[in-house]
Every structure is written in C-alpha cells, then in structure tokens.
Amino acid sequence: MSDPSLKPPASNQPLRPPQLMAPAGSGGGLQLPVTAPQKLNSNGSSASGSATGNPRNKCALKPGYSLMNWIRLCNSGADLSGTGGRLVPVSRTELARHNKIDDAWMAIRGRVFNVTRYMDFHPGGVDELMRGVGRDATKLFDEVHAWVNYPQLLGKCYVGPLKDNETKPAKESPQITNVILQPPEIVPRFDWIQQRSELTLIFYTRSLANPGLVVRRKDLQQLSVRVLVQHNWHSFDFQLTNNVEWPPKLAKIGSETGKIELVFVKEEAEPWPTYGTHVSNRLDSSRLHDETFEYEVVHSKDFNHDSFELCLQSVGQKVLMVLPAGYHVDIEVPLEGRVIQRSYTPVDHTYLRLENIRSSRSECLHFLIKRYPNGPVSSHLQKLETGSRVHWSAPRGSFQLSDLTAHRNILLLAAGSGLTPILSLIQPILKRNTNRIESLQLLYFNKTNEDIWLKEKLHELHTDDERFSCTNYVSQSEDNPQRIALELLAPLFQKNQPERCTYVLICGPSGFNTAALDILSQLDVKANQIHVFRG
Ligand code: HEM
C-alpha cells in the first residue's frame, strides 16, 4: 500500500493563473538567470526564454509557464512537494508508483523531487521530463543537461531522500550487462532559433561529448553541416528559407554541454516563418577517410628562433572547420612523387601574434609549427607564401573528453611542439562545472629556454585561474639539466595527498612519451588513467 500522506498534491489541479500568485519573494527564493536571446514566432513575437540563460528552447512553453512564472509559483507558498513541508524518505517501490503525468516523482543523486507541477514549465517539454519519472533519473538527467541547477529549480519540490535499503536484483542478466557496457550512440538533435537579423542552427550532442564540426557553404541558402561525435559523422543538408551571410557570425561548441551553435546573419533582417528544410544522415566514416580539404595561406610569420605561426583559410572560403578538443588534422605535402602526412593540432588564434585581422576570423585555422632541419613537412610549410595551397584531412583523434569527468586533479606532460593538443584542452577542462577541477598542472619540457612556447601566455592563464599551473624544464641547461624522471613525478602521485593526480595527458616525441609511460607504470598509474596523443 502506498502511504496516503504521499499522494500527489491537491494542487495538481490546473494551475492558478500566474497573475494570482505572489511576486517572487526576496528571502532566499529562486533568482532569475540572465535573460537570453529568445525564439521568435513567425509573427516576430517572442516565445519563452531558457532557464539556464542558453538561447535554446526545445519547446515553446505555454503562456503563463515561463521561468519567471515558475519562480513566482515557487515563492507563492504552494505545496509543490505534496508532503506539506515534511521530508519523507522514499523507497524505490514508492518512487515507482509516482510515474504518471499528474503524479510524477523523480530521483536525482539520491534526492526525490515531485516534478508534477514543473511538468509544463520544463523547457525540454512534458514528454522529455516524463522519461525520468518514477525512477532514479540521475544518469538520464546528466546525459541531457548535467549543468542544469536542479536543486535550485526544484528546491520547493523536494520530497525526501531516496532509501537505498531494498534488496537489489542478485545479478544482472548477461544481455543487460552487454547493453550497459556499450554506450548508446549519440545522434545530434537539431533545433533552431531566430532573431530578426539572425538565424541560429543548434545541434545538441551530449554533455562532454566534445563534438567537432565541418560546415560547407554551397550557396547563400544551401549549407551542409557535418557533426563529428564519438568518431561518427552525421550530416545535415539545409535548404534555408532565405539568404544568409557567410561566414557565420559565430560557430560555438559548448565543451561541457556538447551543444553546437551556428549563428548566421540574415541578408534581410525580418522574421522567417521557418528556417527552411533539412535532410539528415549518418555518414559512413570509412568513406570519409580519403577526403581532403583545400586551404590557402593567409598569414605566415616566425614565432621564435625555430618555429613559425601559420594561418590558413579554406579556398574560396567555402568551409568552416572546428575540431573537437585534442583532435588534429593530417597535413599532406608532396615530396618526390609521394605524398607525406604529418599531424598538427590547430591552436586558438589568441595564442599567436597575428597582426592581420583577417586571420583571426572564425573560418581560419591557426597552427604553431616547429621547424625540424630534416623535417620535410615543416620545411615545406615554412616556405609557403600567402595564397599557397595546402591539403589536409578531416579532423582525426581518439581523445575522449568524457574520460576526464571523474578526475579533479589532472597532470599534463608536454614536450616541445607536443604542447598544441594540450593547449586545446586547458580551457575545456578548467571551464568544467560538473565535478569541478581542483588542479591542472602542466609540466612542459624543452631543450633550451629559447625553445619554450608561450611562456607569458601560460603564466597569464595561471594568474587568471590558479587551479592551472605551468612549470618549465630544460634539458640543455649547463648548471641543472632537467628531464622527465621518477623523482619529478612521484610527489604528484603520493597516496593520501588531497591534490594527488589521478589522470595524465601526455604529448611529445615518442621517446618522451615512452619515458613518461614507464615512470607512470612504476608509480602504479593505470592505463585507464592515461591518454597519450600520438601524431
Ligand atoms: C530526467 C529527465 C529529463 C529529461 C529527459 C530532460 C530533457 C530535456 C531536454 C531534451 C531539454 C532540451 C534541451 C537539451 O537537449 O538540453 C531540456 C531542457 C531543460 N531541462 Fe530537462 N529533462 C529532464 C529533467 C529535468 C529536470 C528534473 C529539470 C529540473 C530542474 C530540468 C530542467 C531543464 C532546463 C532548465 C532546461 C533548459 C536547459 C537550458 O536551456 O540550458 N530537466 N530537458
């Protein structure tokens, strides 16, 4: 029998009209986040905004069900938990009984919430929220939007802790285990919003999925967007309602949310009835293996005594490419009738000394390249003049940002030009809100002081966020040659030390990588705590 005191609140009846509710209270109630751009209806009026301030809105909420209305309801004194203010421990059996639209409970991280009244306020819609009711929805919640501040939004809906004292099934059947071991494929979901003068195409992947992007302009209304997520490519071919300008005003990938936003400026500033149409497909990745992209040099300049910066944009400005963090492209160079390839990870333009405004534009990719006397690719690239052409592959890599989720103290080991993939990870790791990082330590190894890249920039990063630190080591120093060694790394892995590193990312020449792996194995660091970037 279910406990009669745990019945859904009487107020599950239709909501009181919002204007009858008390205004948002001042004392510790919910706060309204910063307002975001809003979705325009075809008549140009605005639909409701997003609860986290993101300019997305899966469902146009009914009038009277905006975030503001929810805050009012929360502060109105209504019994949203349905328990009359009592905290009631909830068994899993009890939780399972509350699985209906008018009686909906949900457990997240061991806490049970009555989401019945939140149903129509949920920006993802009623059907989505219903997927999590009557059960422990922690995993589902995190997969969709781990960043949503549910304790704050659902504070008044808290029923009580989830009791975990029930007998668990003895053993899961082998089939079930298999299903759990294979993570479900992420298929990007498309959405769009508009303002009078802008159109935003949105692709939702998954939290920390670290997607990449290739956008190709066919003409002012036809675009091909390819999303790379977990080694799979998904294509979206668009026929837009009207013309947009190229390149997009913004191409943004939320490293934590896995959300991709492409903001285009409309040629004519007016509301569109719809974005247009699109056809989507999952692509056969093996067929893309031989695909190359043609880029041309827009800027090339010495960076230090043996390295240079190179900025390239797609020929005819047709392509915009954003790589997943930690990924590279293979640049191809013709040599004596053959084609040879080397891997390079682009760097953010803010790391370079660009003077040319054009080269900081979003459709350009920037590289920091070390010149090796016997390196045919780096020597070839250095000789290129403005307008010279280069071919490279689609983004490649095996790094999974989600592997780092459980780790709060991360060590970065880089040598020489191996710094570039590491650079692409620093911001995504530091910006992570889920299981926030405590320390991100970079040990950067070079031959001489002159070889060290970005000394000041990395110091600035440390000044901006003290969780990040960079220590330089030089091997060709007369008084104190420093190399990667057991004594150097051992203190970072000492047991019982709160800042003990639990994950290591390594990138350098093969000798350096091998030495690092050898030392880490002596320190008992397991293979699943290490990622090596190999070019
Ligand atoms: C566990 C079941 C749930 C599912 C399947 C679900 C699904 C969704 C979906 C599909 C969206 C649209 C945007 C996106 O893809 O991220 C969304 C947005 C949102 N959901 Fe949920 N949701 C669930 C539970 C909840 C709960 C319990 C809350 C209460 C705090 C919540 C609050 C929100 C908010 C605030 C947004 C807007 C996020 C933003 O704009 O950044 N969701 N949800």
Side-chain angles (χ1 to χ4, degrees), residues 29-39 46-62 65-71 73-74 80-81 90 95-96 98-101 103-159 162 184 186-193 200-209 211 227 229 234 252-261 431 433-434:
L30 271 173
Q31 304 282 311
L32 190 68
V34 183
T35 333
Q38 307 227 318
K39 192 167 190 162
S46 140
S48 53
S50 138
T52 55
N54 279 337
R56 101 172 126 218
N57 199 352
K58 277 310 296 169
C59 286
L61 299 170
K62 289 189 272 179
Y65 291 88
S66 68
L67 173 62
M68 180 62 96
N69 295 130
W70 175 246
I71 293 171
L73 179 57
C74 288
L80 300 182
S81 65
V90 182
L95 174 65
H98 301 269
N99 64 349
K100 291 164 215 72
I101 195 158
D103 177 14
W105 289 10
M106 181 181 291
I108 306 176
R109 290 197 178 74
R111 299 168 77 194
V112 178
F113 299 95
N114 184 340
V115 293
T116 317
R117 298 292 297 275
Y118 186 61
M119 255 332 137
D120 286 321
F121 293 90
H122 178 229
V126 174
D127 290 351
E128 284 292 332
L129 190 58
M130 280 302 291
R131 290 168 62 205
V133 306
R135 65 190 184 100
D136 185 341
T138 310
K139 194 159 169 277
L140 178 60
F141 182 92
D142 283 353
E143 277 169 2
V144 190
H145 42 33
W147 62 94
V148 166
N149 190 342
Y150 68 91
Q152 193 188 25
L153 279 167
L154 300 181
K156 294 280 163 59
C157 307
Y158 184 39
V159 178
L162 180 64
I186 302 174
V187 180
R189 282 180 303 114
F190 166 66
D191 196 6
W192 66 288
I193 55 174
T200 305
L201 306 181
I202 306 171
F203 304 87
Y204 296 106
T205 62
R206 189 182 297 160
S207 176
L208 300 168
V227 176
V229 56
H234 301 265
K252 184 175 145 201
I253 300 186
S255 57
E256 175 142 33
T257 59
K259 174 183 170 187
I260 301 170
E261 287 166 273
K431 283 187 188 150
N433 283 317
T434 320

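Numbering of ligands and ligand atoms starts at 1, following listing order.
Between H122 and H145, the two ring planes are perpendicular [angle over 60°; tilted spans 30° to 60°]. Note on ring orientation: taking the six-membered ring where Trp is involved, the planes of F113 and Y158 are tilted (angle from 30° to 60°).
Between Y150 and R109, the closest side-chain pair of non-hydrogen atoms falls below 4.5 Å. Side-chain contact between L129 and M106: present, with at least one pair of heavy atoms (C-beta onward) separated by less than 4.5 Å. Looking only at side-chain heavy atoms (C-beta outward), D142 and S207 stay at 4.5 Å or farther from each other. At a threshold of 4.5 Å between non-hydrogen side-chain atoms, the residues V133 and M119 count as touching. Looking only at side-chain heavy atoms (C-beta outward), H234 and V229 come within less than 4.5 Å of each other. Using a 4.5 Å heavy-atom cutoff, the side chains of L153 and F121 are not in contact.
The atoms of ligand 1 that sit less than 4.0 Å from any heavy atom of P123 are 33 (C), 34 (C), 35 (C), 36 (C), 37 (C). Proximity to L153 (heavy-atom distance under 4.0 Å) selects the following atoms of ligand 1: 30 (C), 35 (C). Contact atoms of ligand 1 toward L154: 27 (C), 29 (C), 30 (C) (distance under 4.0 Å to a heavy atom of the residue). Of all atoms in ligand 1, numbered sequentially from 1 with element shown, those under 4.0 Å from a heavy atom of L129 are 23 (C), 24 (C), 25 (C), 26 (C), 27 (C). Close approach of ligand 1 to R189 (heavy-atom distance below 4.0 Å) involves ligand atoms 10 (C), 14 (C), 15 (O). In summary, the atoms of ligand 1 found under 4.0 Å from a heavy atom of M106, numbered by their order in the structure, are 1 (C), 27 (C). Of all atoms in ligand 1, numbered sequentially from 1 with element shown, those under 4.0 Å from a heavy atom of A137 are 1 (C).
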#### Entry: Chi angles and distances behind the salt bridge (Lys or Arg N to Asp or Glu O under 4.0 Å) call for K259, D191
CA-CA 11 Å; K259 174 183 170 187; D191 196 6; over 6 Å; no
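At a heavy-atom cutoff of 4.0 Å, ligand 1 is contacted by both the backbone and the side chain of V144. The part of Y118 lying near ligand 1 is the side chain, judged by heavy-atom distances below 4.0 Å.
The atom of H145 nearest to atom 21 (Fe) of ligand 1 is NE2, with the search restricted to N, O or S atoms. As for H122, its N/O/S atom nearest atom 21 (Fe) of ligand 1 is the one called NE2.
The option with the heavy atom closest to atom 10 (C) of ligand 1, from among E128, K259, R131, is E128. Heavy-atom proximity to atom 26 (C) of ligand 1, evaluated over Y150, F121, F141, is greatest for F141.
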